[in-house]
Amino acid sequence: MAAYEILIADDHPLFRSALQQALTLGLGAEVRLVEAASIAELEVCLGEKGDWDLVLLDLNMPGAYGFSGLVLLRGQYPQIPVVMISAQEEAAVVARSREFGASGFIPKSSPLETIQQAVRQVLDGDVWWPPQSSAVGSVSAEAKAASEGLASLTPQQFRVLTMVCEGLLNKQIAFELNVSEATIKAHVTAIFRKLGVRTRTQAALLLQQMESIPGQ
């Protein structure tokens, strides 16, 4: 059995390969690495197995809005540490990662040695943040409230919410997910209740609170 089992969630094949190389070199052959290229693929992996040692999560993943993927993971799988990985290295992005529950943040420009050190530190039960990331938390009260609502959604409800925010009608969402329109209506009702909103527009605005840097 592998000493460590790690999920690499990033939609760029080249960067996933680089992470594979860094982690295999840094942790040895006993590490088991599984890749996911979207939030949907990540959810499948987590649905099959809920005791991963670590998830490395790209900030801009297909199927998520900014930090919504992190918020969803922390809500559904609080026992699994999540380290954010991003080419966006602004202090505000790092601060929001911390505020939304990540165990660390690795800039994509980091050398292999830094990636290895960061991952090993988190696997040892610690956290890892870039040296320059001493910025104060920058999450608004609205974003915190939004994250609490999002964290209470099931993976299927989250998927429905992202499709609602993309402008799809219930009928179209039902077709995409291969379920009945009545099922989607029930999901939408539950989503609105959990998020404390009444309209699709309000739900979309709430999800935008999860963008990586507010106002951009």
Exercise. About how many Å separate CE of Met163 and CD of Glu176, when rounded to the nearest 0.5 Å?
Worked result: 5.0 Å
For this session: Start with the C-alpha gap between Leu207 and Ser68, add the side-chain angles, then the distance that decides, and say whether side chain to side chain contact (heavy atoms under 4.5 Å, CB included) holds.
Result: CA-CA 7 Å; Leu207 197 53; Ser68 61; 3.9 Å; yes
Exercise. About how many Å separate CG of Leu59 and CZ of Phe105, when rounded to the nearest 0.5 Å?
Worked result: 7.0 Å
Exercise. Side chain of Arg32, backbone of Ala3: donor and acceptor closer than 3.5 Å?
Worked result: no
For this session: Kindly indicate whether the side chain of Ser103, heavy atoms from C-beta on, has any atom under 4.5 Å from the side chain of Val82.
Result: no
Seminar exercise, completed: The reported gap from CD1 in Ile39 to CE in Met61 (rounded to nearest 0.5 angstrom) is 5.0 Å
Problem set entry | Side chain proximity check, Leu206 to Leu161, heavy atoms < 4.5 angstrom | no
Exercise. Do you reckon Phe192 sits in the same ILVMFWY cluster as Leu169, going by side-chain contacts under 4.5 Å, direct or chained?
Worked result: no
Problem set entry | Pair Leu23-Tyr4, side chain to side chain contact (heavy atoms under 4.5 Å, CB included): steps then yes or no | CA-CA 10 Å; Leu23 298 180; Tyr4 295 112; over 6 Å; no
Exercise. Do Val44 and Leu7 sit in the same hydrophobic cluster, where Ile, Leu, Val, Met, Phe, Trp and Tyr count as joined when their side-chain heavy atoms come under 4.5 Å apart?
Worked result: no
Exercise. For Leu195 and Gly149, which heavy atoms make the closest approach, and how far apart are they?
Worked result: CD2-C, 3.5 Å
For this session: Report yes if some heavy atom in the side chain of Ile184 is under 4.5 Å from a heavy atom in the side chain of Val160; otherwise report no.
Result: yes
Exercise. Does the side chain of Ile106 reach to within under 4.5 Å of the side chain of Val119, using non-hydrogen atoms?
Worked result: yes
Problem set entry | Donor-acceptor pair, side chain of Thr24 and main chain of Gln21, under 3.5 angstrom | no
For this session: Kindly compute the distance separating OG (Ser86) from CG (Leu57), expressed to the nearest 0.5 Å.
Result: 10.0 Å
Exercise. Under the 3.5 angstrom rule, does the side chain of Gln202 hit a backbone N or O of Arg198 as a donor-acceptor pair?
Worked result: yes
Exercise. Is a side-chain donor or acceptor of Ser17 paired with a backbone partner of Pro13 at a separation under 3.5 angstrom?
Worked result: yes
Exercise. Is there a side-chain contact between Ile191 and Val197 (heavy atoms, below 4.5 Å)?
Worked result: no
For this session: Compare every heavy atom of Gly167 with every heavy atom of Gln172, then report the nearest pair and how far apart it is.
Result: OE1-O, 4.3 Å
Exercise. With side chains defined as the heavy atoms from C-beta onward, is the minimum distance between Met210 and Leu150 less than 4.5 Å?
Worked result: yes
Exercise. Name the one of Val34, Leu123, Val55 that satisfies side chain to side chain contact (heavy atoms under 4.5 Å, CB included) with Ile6?
Worked result: Leu123
Exercise. Is there a path of hydrophobic side-chain contacts, each under 4.5 Å between heavy atoms of I, L, V, M, F, W or Y residues, that connects Leu205 with Val71?
Worked result: no
For this session: Look at the side chain of Arg200 and the backbone N and O of Val164, then say whether any donor-acceptor pair between them is shorter than 3.5 Å.
Result: no
Problem set entry | Val179 backbone acceptor or donor facing Thr183 side chain under 3.5 Å | no
Problem set entry | Distance in Å, Ser180 OG paired with Lys185 NZ, rounded so as to fall on 0.5 Å steps | 9.5 Å
For this session: Taking all non-hydrogen atoms of both residues into account, name the closest pair between Arg16 and Ala37 and its distance.
Result: NH1-CB, 3.7 Å
For this session: Return each pair, listed once, that meets side-chain hydrogen bond (donor to acceptor under 3.5 Å, both in side chains) where at least one residue sits in residues 113-128; pairs must be two or more places apart or across chains.
Result: none
For this session: Return yes if some donor-acceptor pair links the side-chain N/O of Asp53 with the main-chain N/O of Glu5 below 3.5 Å, else return no.
Result: yes
Exercise. Considering only heavy atoms from C-beta outward, does the side chain of Val93 approach that of Phe67 to under 4.5 Å?
Worked result: yes
Problem set entry | Residue pair Glu43 / Gln76, side-chain donor-acceptor N/O under 3.5 Å | no
Problem set entry | Smallest separation among heavy atoms of Pro130 and Val94, with atom names | CD-CG1, 4.0 Å
Exercise. Between Glu48 and Cys45, is there a donor-acceptor pair closer than 3.5 Å when you use the side chain of the first and the backbone of the second?
Worked result: no
For this session: Specify the closest pair of heavy atoms between Trp129 and Arg98, including all atoms of both residues, with the distance to one decimal.
Result: CH2-CA, 3.4 Å
Exercise. Any chain of hydrophobic side-chain contacts (each under 4.5 Å) joining Leu25 to Val83?
Worked result: no
For this session: Please check if any side-chain donor atom of Gln79 sits under 3.5 Å from a side-chain acceptor atom of Asp51, or the reverse.
Result: no
Exercise. Just how far is it from atom NZ of Lys194 to atom OG1 of Thr189, taken to the nearest 0.5 Å?
Worked result: 12.5 Å
For this session: Measure the shortest side-chain to side-chain distance between Asp58 and Ile8 over non-hydrogen atoms and say whether it is less than 4.5 angstrom.
Result: no
For this session: For the residue pair Gln88 and Lys108, confirm or rule out a side-chain donor-acceptor distance under 3.5 Å.
Result: no
Exercise. At their closest point, which heavy atom of Ile80 faces which heavy atom of Arg74, and how far apart are they?
Worked result: O-NH1, 2.8 Å
